[in-house]
Amino acid sequence: MVHGVEPWVEDTFLSTEQDMSKNRIPFQNQDEQPDIAAQVVLPFKKSFEISLKSLKSRFLRNMVTVTSLILAVSFLAYVLVGADISSGLYHSGDLDLIKALEKTGYEPGGSAKERWIVILSLLVCTVGIINAQLMAVTERFREIGTMKCLGALDSFVLRLFLLEASMQGTTGALLGSIFGAIIAILVGMLRFGLDAVTMLPLNEVGMSLFYSIGVGFGLSLLGVLYPAFIAARMRPIEAMRTEE
Amino acid sequence: MADQHTIVRVTGVKRNFKLGSTDVQALKGVDLEIFAGEYLSIMGPSGSGKSTLFNMIGGLDKPTEGKVYIDEVDIAQLDAFELAWLRNRKIGYIFQTFNLIQVMTALENITLPMIFAGVHNDAAVAKGIELLDLVGLHKRYNHKPQELSGGQQQRVAIARALANDPAIILADEPTGNLDLSTGEEIIKLMNDLSKERGVTIITATHDYKMLNASDRVVWIEDGLIKKIEHRDQLNIDVGCISMA
């Protein structure tokens, strides 16, 4: 164990010592600013601009990704808000409503089958996002390589992809949860009439919406993680490849 | 010429690639010195190791054996951050396929390396316009790459390569995707720039038009330097080629 640790300690020690002595880039003249941190940068505002631009220019492709997210999130929101409606009716104490509920096969707390379907749909959606983002990365190999030739760090590329995914995630999750909630409420009204809305516990619906938005956003980021990592690790030499 | 500053030094560089189970030696021990301010062409048939050598000089690939020094700094010793700095400030890249970032306008393409270098946006735009003027595309600053002809795109790429006043410009087959007269214009532009700005230009090419502009030509064959010729020796050779 001790033998395993020792070189590591030595190594870190060496590198900090090196950092002290080479506070400047080897190529810099003596009179130049030695402040390394400010030497290669991508301000957040600029990265936001770039991500927005690439989202816009690949609008159709992005809409496909976002649509899969919308569908999955709206299904989640539909199930959650549907459960809210049912529990609102269940706790209303109105025997007719409870009877009507039981006729639809309602179980307090939601059925296991429903939960599995939701999880499955989210899983399928994540795989879809990973697939779409991997395609996007492949398509943009040259762009990423070029940026690296211009001096972009791995972290710039990672940040661009994460930013794009979070924008897609926000859009998809917001739209999806709103659609899902609206459909759930409409279906509830169809089944139980206006009582479905009047008995609706609003704060629970709010929580459900919040939850679905969070899950959608999380899935979008989760889906982009691996593709973004591949993109960030790509070597700039790829930009030189002549074949399309 | 004797007291010239050596900007790139290549010593005993070998590079092996694995092609399936066999090792292919693309470079078999190359020594080369490149002086500041010269226009050097690396000539050779495809598969000669020309591009491999070129990528080594640009810090895009690491030699299996031997060293590449830029300004007497061994680039194999640089960390990711320093390499990014090198690509950002010290080297400008020009590609055969132009490699402009498609989602950005001409001006944005040119300002990107300056943004990476931490230049303030207004200053970057001012300099970008100035550079576009220099390559004769002042009126096209707001055009996307798809809206520009090949020659115009390559001009934008040249302006982009000059953005951070690099000491070296690496051009990989800069005329490879251009017709004869456009290629000549690009060569003339690069030649003028090297003379006016004192930038070292290194090109990999098999375009014989490039010969007249070059101060020196390095002929590579089968992973080795066959000969290095100065411009005054060249004209005779060009004559021979055209006669042959």
Side-chain angles (χ1 to χ4, degrees), chain A residues 15 18-19 22 24-29 32-33 35-47 49-59 139-157 160 164 232-244, chain B residues 51-52 54-55 58-61 70-75 77-105 108-109 111-121 124 144 157 160-161 163-164 167 170 172-173 176-177 204:
Chain A
S15 69
Q18 259 181 353
D19 283 340
K22 59 163 196 192
R24 56 181 70 245
I25 310 271
F27 303 101
Q28 280 188 293
N29 298 325
E32 271 180 290
Q33 267 282 324
D35 179 16
I36 287 189
Q39 298 276 329
V40 186
V41 291
L42 181 57
F44 185 79
K45 190 177 152 242
K46 204 71 197 176
S47 30
E49 257 176 53
I50 296 175
S51 329
L52 204 62
K53 215 167 277 166
S54 33
L55 278 180
K56 259 194 228 155
S57 65
R58 296 182 182 87
F59 187 74
E139 197 182 81
R140 290 163 72 178
F141 254 21
R142 177 163 298 172
E143 182 184 318
I144 300 162
T146 309
M147 280 204 184
K148 288 200 149 183
C149 280
L150 300 180
L153 292 166
D154 290 9
S155 59
F156 296 0
V157 179
L160 287 179
E164 282 178 32
R233 289 286 303 274
M234 213 196 72
R235 293 163 65 229
I237 202 167
E238 304 286 338
M240 293 288 201
R241 301 258 151 90
T242 39
E243 67 266 26
E244 290 294 327
Chain B
S51 297
T52 313
F54 186 79
N55 290 337
L60 299 174
D61 199 1
I70 293 180
D71 260 355
E72 303 305 334
V73 177
D74 178 5
I75 57 174
Q77 303 296 323
L78 299 180
D79 62 26
F81 194 92
E82 290 165 334
L83 268 176
W85 192 95
L86 174 81
R87 292 183 192 125
N88 187 221
R89 318 275 181 103
K90 198 80 181 171
I91 302 177
Y93 297 90
I94 297 170
F95 307 93
Q96 178 176 358
T97 45
F98 323 133
N99 286 18
L100 296 178
I101 292 170
Q102 298 295 319
V103 301
M104 297 185 189
T105 63
E108 285 166 338
N109 263 289
T111 52
L112 191 65
M114 292 190 261
I115 300 288
F116 288 162
V119 177
H120 190 268
N121 200 43
K144 291 259 173 77
R160 182 178 66 180
N164 285 328
L170 283 172
D172 187 18
E173 304 270 6
N177 278 16

Can you list the residues that meet the side-chain contact (heavy atoms from CB on, under 4.5 Å) rule with B:Asp74, with sequence neighbours excluded? B:Lys67, B:Tyr69, B:Ala76, B:Gln77
How far apart are the closest heavy atoms of A:Leu153 and B:Ala84, and which atoms are they? CD2-CB, 3.5 Å
Could you look at B:Glu173 and say if it's the side chain, the backbone, both or neither that has a heavy atom under 4.5 Å from chain A? neither
Atom pair CD1/CD1 of B:Ile101 and A:Ile144 - distance to nearest 0.5 Å: 10.0 Å
Tightest non-hydrogen contact, residues B:Phe116 and A:Leu150, listed as CD1-O, 3.5 Å
Below 4.5 Å from any heavy atom of chain A, which atoms of B:Leu112 appear? Answer side chain, backbone, both or neither. side chain
Chain B heavy atoms under 4.5 Å from A:Lys148: which part of the residue, side chain, backbone, both or neither? backbone
For A:Arg140, is it the side chain, the backbone, both or neither that has a heavy atom under 4.5 Å from a heavy atom of chain B? neither
Closest non-hydrogen atoms of A:Lys53 and B:Val103, given as atom of the first, atom of the second and distance, are CD-O, 3.4 Å
In this structure, which one of B:Asn55, B:Asp61, B:Leu60 forms a side chain to side chain contact (heavy atoms under 4.5 Å, CB included) with A:Pro236? B:Leu60
How many angstroms lie between atom CD of B:Gln102 and atom CD of A:Glu139, to the nearest 0.5 angstrom? 11.0 Å
How many angstroms lie between NZ in A:Lys45 and CD1 in B:Ile115, if you round to the nearest 0.5 Å? 9.0 Å
Correct closest heavy-atom pair for B:Ala117 and A:Val41 would be C-CG2, 4.4 Å
Does any backbone or side-chain atom of B:Asn177 lie under 4.5 Å from a heavy atom of chain A? Answer side chain, backbone, both or neither. neither
Heavy-atom side-chain contact between B:Glu108 and A:Ile50 under 4.5 Å: no
